[in-house]
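One structure is given here, and the rest of the page talks about it.
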Amino acid sequence: MSIDKLSIAKAINASLRTALETDPKVVIMGEDVGKLGGVFRVTDGLQKDFGEERVIDTPLAESGIVGTAIGLALRGYRPVVEIQFDGFVFPAYDQIVTQLAKMHARALGKIKLPVVIRIPYGGAIGAVEHHSESPEALFAHVAGLKIVSPSNAADAYWMMQQAIQSDDPVIYFEPKRRYHDRAEVDTGAIPGPLHAARTVRSGTDLTLAAYGPMVKTCLEAAAAAEEEGKSLEVLDLRSISPVDFDGIQASVERTRRLVVVHEAPVFFGSGAEIAARITERCFYHLEAPVLRVGGYHAPYPPSRLEDEYLPGLDRVLDAVDRALAY
């Protein structure tokens with residue numbers, strides 16, 4: 001057993017290192033993942049230690065990267081590919097949704113595609129458009145893909161391990177604004193289920209449900225609300241597809257109110273599906289409509305305006321107040 005305090009970026013690096021050490025069929029691919037160690041240095045040192053045939057610098061061709069990963073998976077490898085920024089994934093969208101997501105069903109279960117696609121996503125780093133997007137709902141709509149997003153270093157380590165070990169394709173969204181957040185990581189622990197939500201703060205008056213970068217914001221909102229005598233439960237969803245609806249329902253049956261928070265635009269976002277399902281499941285428990293907090297239905301703005309675009313403490317607390325007012 002080893003317990004270290006790691007940043008999310010270092011935890012992912014450690015997890016990839018463990019996978020490379022334990023399984024010779026694991027390979028890492030992407031733009032600048034080798035010599036540079038990735039633009040966020042998440043793969044730093046891996047090519048040096050495992051060689052250019054295991055950690056591969058690719059051309060700037062996302063469709064080619066994912067297509068090659070599909071071919072490798074068909075030959076028994078477990079490729080982990082990096083899309084350098086969230087907005088760069090769309091040249092590979094066709095490969096992901098028409099090939100990677102469908103091959104298992106098309107082959108009547110005879111073919112497995114254990115591919116992990118790492119995507120740093122979200123804003124608050126002062127970058128321009130195509131570098132700050134949150135496209136998770138686009139992929140959640142596609143059957144055949146698992147989609148997860150860690151909010152802390154321990155989950156970053158273990159969810160990557162579980163994603164690599166999965167025989168199904170997994171899109172692993174990394175909250176880039178949280179890369180430097182540190183927490184203890186027990187690399188000898190027994191991880192919980194990959195797609196299970198986790199209560200990270202207990203409360204009685206209302207549930208805040210979030211994933212990835214917004215979990216920390218919700219914890220800050222719960223701490224602020226406590227000063228006003230409000231008890232908020234914070235649920236880290238961890239998985240976007242599948243969603244742990246049973247876990248959300250159990251929380252909502254205790255608190256009777258739900259606010260779903262994500263960086264992505266509210267319009268047709270993942271919070272809409274959660275709101276609809278929980279309304280169906282918990283209609284007689286709810287004392288207020290399920291509310292959603294997220295980005296605006298507009299292109300991502302220039303960096304000096306992103307604080308206005310992204311949901312922050314005030315917008316979360318405003319939704320909390322509106323829900324508690326019913």
Do you reckon [X] sits in the same ILVMFWY cluster as [Y], going by side-chain contacts under 4.5 Å, direct or chained?
X: I278; Y: L208; value: no
X: I171; Y: L100; value: yes
X: L60; Y: Y93; value: no
X: V234; Y: L258; value: no
X: L313; Y: L310; value: no

Between [X] (side chain) and [Y] (backbone), is there a donor-acceptor pair under 3.5 Å?
X: D86; Y: E133; answer: yes
X: S239; Y: P242; answer: yes
X: S63; Y: A92; answer: no
X: T68; Y: G64; answer: yes
X: Q249; Y: C282; answer: no
X: R182; Y: I8; answer: no
X: E31; Y: Q84; answer: no
X: W158; Y: G192; answer: no
X: R78; Y: V27; answer: no
X: N13; Y: V42; answer: yes

For [X], does the [atom1] atom have more than 12 heavy-atom neighbours from other residues, nucleotides or ligands under 6.0 Å away?
X: E52; atom1: CD; answer: no
X: K146; atom1: NZ; answer: yes
X: K102; atom1: NZ; answer: yes
X: E184; atom1: CD; answer: no

* Using the ring of F245 (Phe, Tyr or Trp, six-membered ring only), decide whether R277 places NZ or CZ under 6.0 Å from its centre and within 45 degrees of its axis. =>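 That pair qualifies as a cation-pi contact.
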* Asked: Within 45° of the ring axis of F40 and under 6.0 Å from its six-membered ring centre, is that where the NZ or CZ of R118 lies?
  ->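 No, a cation-pi geometry is absent between R118 and F40.
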* Report the C-alpha separation of V66 and E62 in whole Å, then their side-chain angles, then the decisive distance to 0.1 Å, and conclude whether the side-chain contact (heavy atoms from CB on, under 4.5 Å) test is met. => CA-CA 6 Å; V66 175; E62 286 79 12; 5.7 Å; no
* Asked: Under the side-chain contact (heavy atoms from CB on, under 4.5 Å) criterion, do N152 and V185 qualify, and how do the steps go?
  -> CA-CA 9 Å; N152 58 78; V185 178; over 6 Å; no
Check: [Y] and [X] side chains under 4.5 Å, non-hydrogen atoms:
X: Y179; Y: S7; result: no
X: I240; Y: S149; result: yes
X: Y77; Y: P24; result: no
X: Q162; Y: H195; result: no
X: V33; Y: V55; result: yes
X: H130; Y: F90; result: no
X: D181; Y: K216; result: yes
X: V200; Y: V215; result: yes

Hey, could you give me the [atom1]/[atom2] distance between [X] and [Y], rounded to the nearest 0.5 Å?
X: I248; Y: E253; atom1: CD1; atom2: CD; result: 12.0 Å
X: D205; Y: L324; atom1: CG; atom2: CG; result: 6.0 Å
X: E136; Y: H141; atom1: CD; atom2: NE2; result: 15.0 Å
X: I83; Y: F173; atom1: CD1; atom2: CZ; result: 10.0 Å
X: K25; Y: R75; atom1: NZ; atom2: CZ; result: 11.5 Å
X: R41; Y: D32; atom1: CZ; atom2: CG; result: 9.0 Å

Salt bridge [X]-[Y], side-chain N to carboxylate O under 4.0 Å:
X: R198; Y: D244; value: no
X: D4; Y: K10; value: no
X: R238; Y: D155; value: yes
X: E226; Y: R201; value: yes

Can you name the nearest heavy-atom pair linking [X] to [Y], along with the distance?
X: G34; Y: D57; value: N-OD1, 2.7 Å
X: P311; Y: V293; value: CB-CG1, 3.7 Å
X: I111; Y: H104; value: O-ND1, 2.9 Å
X: A11; Y: L6; value: CA-CD1, 4.0 Å
X: S202; Y: S231; value: O-OG, 4.4 Å
X: A210; Y: C218; value: CB-SG, 3.8 Å

* **Parallel, tilted or perpendicular: ring planes of F85 versus F88, cut at 30 and 60 degrees** =>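 F85 vs F88 ring planes: perpendicular.
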* Evaluation steps, side-chain contact (heavy atoms from CB on, under 4.5 Å), between I117 and I96 -> CA-CA 9 Å; I117 300 178; I96 295 170; 3.7 Å; yes
* Measure from the ring center of F267 to the ring center of Y296 and say whether it is less than 6.0 Å. =>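 No, the ring of F267 stays outside the 6.0 Å limit from the ring of Y296, centre to centre.
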* To do: Tell me whether the centres of the aromatic rings in H131 and Y300 are closer together than 6.0 Å.
  =>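 No.
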* To do: Kindly indicate, with the supporting measurements, whether the criterion side-chain contact (heavy atoms from CB on, under 4.5 Å) is fulfilled by L16 and T43.
  => CA-CA 8 Å; L16 293 172; T43 53; 4.0 Å; yes
* Asked: Side-chain donor-acceptor pair under 3.5 Å between T255 and E233, yes or no?
  -> no
